[in-house]
Amino acid sequence: MYIHNVILSGGVGSRLWPLSRKTHPKQYLPLFNGKSLFELTIERNRFVADKLMVIGNKDNDHLSQEILDKFDIDYSKVVEAVPRNTAAAIAFAALAVDEDDILIVTPSDHLIEDMEAYKEAMQKAIELAQNDFIVTFGVQPTRPETGYGYIEHSKENVISFREKPNHITAQDFIEQGNFLWNSGMFCFKARVLLKELKKFEKEIYEKSVIAWKNNEDGVLDEKLSMDIPSNSIDYAVMERSKKIKVVPASFIWNDLGSFESLYDYFVMNGHYVDRSGNMVIGTDIYTSFVGLQNCIFVNTPTANLILQKEYSQEVKNVYTHLEKRNSELI
């Protein structure tokens, strides 16, 4: 029996545009002392898993490979011809290993600190997975965040999953004290996950099996992949299965999914902000903010972004607008 770290690397990071683009998504940006989030994810999990599996799409595969080449590590890859969301991606991972192997599924774009607490949470999850539970990780919230889903829990038991709330509801979750941020990380035996997926989403399961059986060295066929319904693992399994447990984690976690979270990380690590809380990212050119507070100026060679920090979630709307125009800026 092996423990595999499955890294999901197919995201675009649209809320971090213009830093993050389709041609170079946020998980590959060397923003963290010269390292990327993808690289940090590999380093973090090589101490808790025996093997590494990377699941990404054909457009990002070369970026993953550049980083994998830096490591002396046993790894395999699943290269999706077309993204079909996390239910199919995780199904491929489960189909690629022995049925009693344990998978630790982690996104490639999260920043996690406090390795001792991380290892402790992983060990708890592995123990639960060995008893045929599907485990998710919940992070103690530090603010009424509207960009995350929440898990209502009682110790390791999940009461409910909640969608991204508005600010008032998020504040209520914090005050109740039994809600955790949904980290999007999972741990389970391959056969347990596949059995639950087959039970709740038979078409996704069956068509994922067909696509996987016809893979060539981990590369999936586009036509067979397009036949798979697109759905998240949360909707397909996590919110419906009776086998779910949550590990309330005490490690420091940030999905760096918005400029507000990136701002907070940079501030903690000494990045300059002016007396009104304004920050510049991406240029050393002197920039002055007049009459503005808590703003972020993001500079890239082809696009600039100016935003009020509290509106970081709205950046995705800019990305969506440019995408509809088939702009080269994404």
Side-chain angles (χ1 to χ4, degrees), residues 1-8 45 48-51 53 55 78 84-107 110 118-140 148-164 173 178-209 212 228-251 253:
M1 186 272 289
Y2 290 103
I3 298 173
H4 303 256
N5 174 214
V6 178
I7 300 180
L8 304 177
N45 290 292
V48 296
D50 305 308
K51 294 187 176 184
M53 184 187 305
I55 301 182
V78 176
R84 302 312 291 159
N85 216 318
T86 53
I90 290 172
F92 297 141
L95 290 165
V97 303
D98 290 341
E99 63 173 19
D100 282 322
D101 283 359
I102 289 176
L103 306 183
I104 298 171
V105 179
T106 61
H110 291 182
Y118 183 75
K119 289 178 182 178
E120 182 181 341
M122 285 295 163
Q123 191 55 48
K124 287 180 182 177
I126 290 168
E127 290 171 5
L128 287 166
Q130 287 172 334
N131 290 312
D132 290 353
F133 289 108
I134 297 173
V135 185
T136 185
F137 295 82
V139 178
Q140 192 64 44
Y148 301 154
Y150 286 72
I151 301 170
E152 183 182 10
H153 76 112
S154 175
K155 296 182 179 178
E156 293 176 348
N157 298 313
V158 174
I159 298 172
S160 68
F161 289 90
R162 302 295 184 92
E163 293 296 318
K164 296 175 182 178
F173 288 169
N178 67 325
F179 283 83
L180 302 166
W181 284 337
N182 189 349
S183 71
M185 299 192 299
F186 312 102
C187 181
F188 47 78
K189 282 183 185 174
R191 64 171 171 81
V192 174
L193 186 281
L194 290 172
K195 183 178 179 181
E196 293 296 276
L197 181 62
K198 185 177 181 180
K199 177 180 177 181
F200 295 112
E201 291 288 347
K202 189 174 182 180
E203 187 178 6
I204 293 177
Y205 169 80
E206 290 180 344
K207 292 190 174 178
S208 295
V209 169
W212 180 248
I228 304 170
S230 177
N231 200 356
S232 73
I233 196 66
D234 296 276
Y235 291 144
V237 174
M238 303 305 293
E239 296 183 8
R240 300 156 79 179
S241 173
K242 302 300 183 185
K243 292 182 173 291
I244 309 301
K245 294 288 185 181
V246 61
V247 171
S250 59
F251 51 76
W253 173 85

Determine whether [X] and [Y] make a side-chain contact, defined as any pair of heavy atoms from C-beta on separated by less than 4.5 Å.
X      : Y      : result
Cys187 : Ile102 : yes
Met238 : Ile134 : yes
Phe188 : Leu194 : no
Ile228 : Phe92  : yes
Ile90  : Leu197 : no
Thr86  : Val105 : no
His4   : Asp50  : no
Val237 : Leu193 : yes

Using the ring of each side chain (for Trp, its six-membered ring), is Phe251 parallel, tilted or perpendicular to Phe137, with breaks at 30° and 60°?
tilted

Please output the side-chain donor-acceptor pairs of residues 118-130 that fall under 3.5 Å, not counting sequence neighbours, one pair per line with the distance.
from	atom 1	to	atom 2	distance (Å)
Tyr118	OH	Asn45	OD1	2.5

For [X], check side chain to side chain donor-acceptor pair (under 3.5 Å) against everything at least two apart and list the hits.
X      : result
Tyr2   : none
Thr136 : none
Tyr205 : none

Practice problem: May I have the step-by-step check of side-chain contact (heavy atoms from CB on, under 4.5 Å) for Lys189 and Lys195, ending in yes or no? | Solution: CA-CA 10 Å; Lys189 282 183 185 174; Lys195 183 178 179 181; over 6 Å; no

For Tyr235, does the OH atom sit with more than 12 other heavy atoms under 6.0 Å from it, leaving out its own atoms? no

For [X], check salt bridge (Lys or Arg N to Asp or Glu O under 4.0 Å) against everything at least two apart and list the hits.
X      : result
Glu152 : Arg162
Arg240 : Glu201
Lys202 : Glu206
Lys243 : none

- Determine whether the side chains of Lys51 and Asn5 contain a donor N or O and an acceptor N or O closer than 3.5 Å. no

For Phe161, the ring pair (Phe, Tyr, Trp, His ring centres under 6.0 Å) test, sequence neighbours excluded, returns none

For His110, the ring pair (Phe, Tyr, Trp, His ring centres under 6.0 Å) test, sequence neighbours excluded, returns Trp253

For Ala93, the side-chain contact (heavy atoms from CB on, under 4.5 Å) test, sequence neighbours excluded, returns Val6, Met53, Ile55, Leu103

Provide the closest heavy-atom pair for [X] versus [Y] in the form atom of the first, atom of the second, distance.
X      : Y      : result
Met185 : Pro107 : CG-CD, 3.7 Å
Val97  : Ala190 : CG2-CB, 3.7 Å
Ser208 : Leu95  : O-CD1, 3.8 Å

Could you grab the distance from atom [atom1] of [X] to atom [atom2] of [Y], nearest 0.5 Å is fine?
X      : Y      : atom1 : atom2 : value
Ile151 : Ser160 : CD1   : OG    : 9.5 Å
Trp181 : Tyr148 : CH2   : OH    : 5.5 Å
Asn231 : Glu203 : CG    : CD    : 11.0 Å

Here the salt bridge (charged side-chain N to carboxylate O under 4.0 Å, His left out) pairs for residues 89-103, sequence neighbours left out, are Asp100-Arg191

Going through the checks in order, is the side-chain contact (heavy atoms from CB on, under 4.5 Å) test met by Asp234 and Phe186?
CA-CA 10 Å; Asp234 296 276; Phe186 312 102; 4.2 Å; yes

Exercise for the section: Given side-chain contact (heavy atoms from CB on, under 4.5 Å), test Ile159 with Ser154 step by step and report yes or no. Expected result: CA-CA 7 Å; Ile159 298 172; Ser154 175; 4.2 Å; yes

Notebook entry, point to check: Step by step, would you call Asn157 with Lys245 a side-chain contact (heavy atoms from CB on, under 4.5 Å)?
Noted result: CA-CA 5 Å; Asn157 298 313; Lys245 294 288 185 181; 2.6 Å; yes

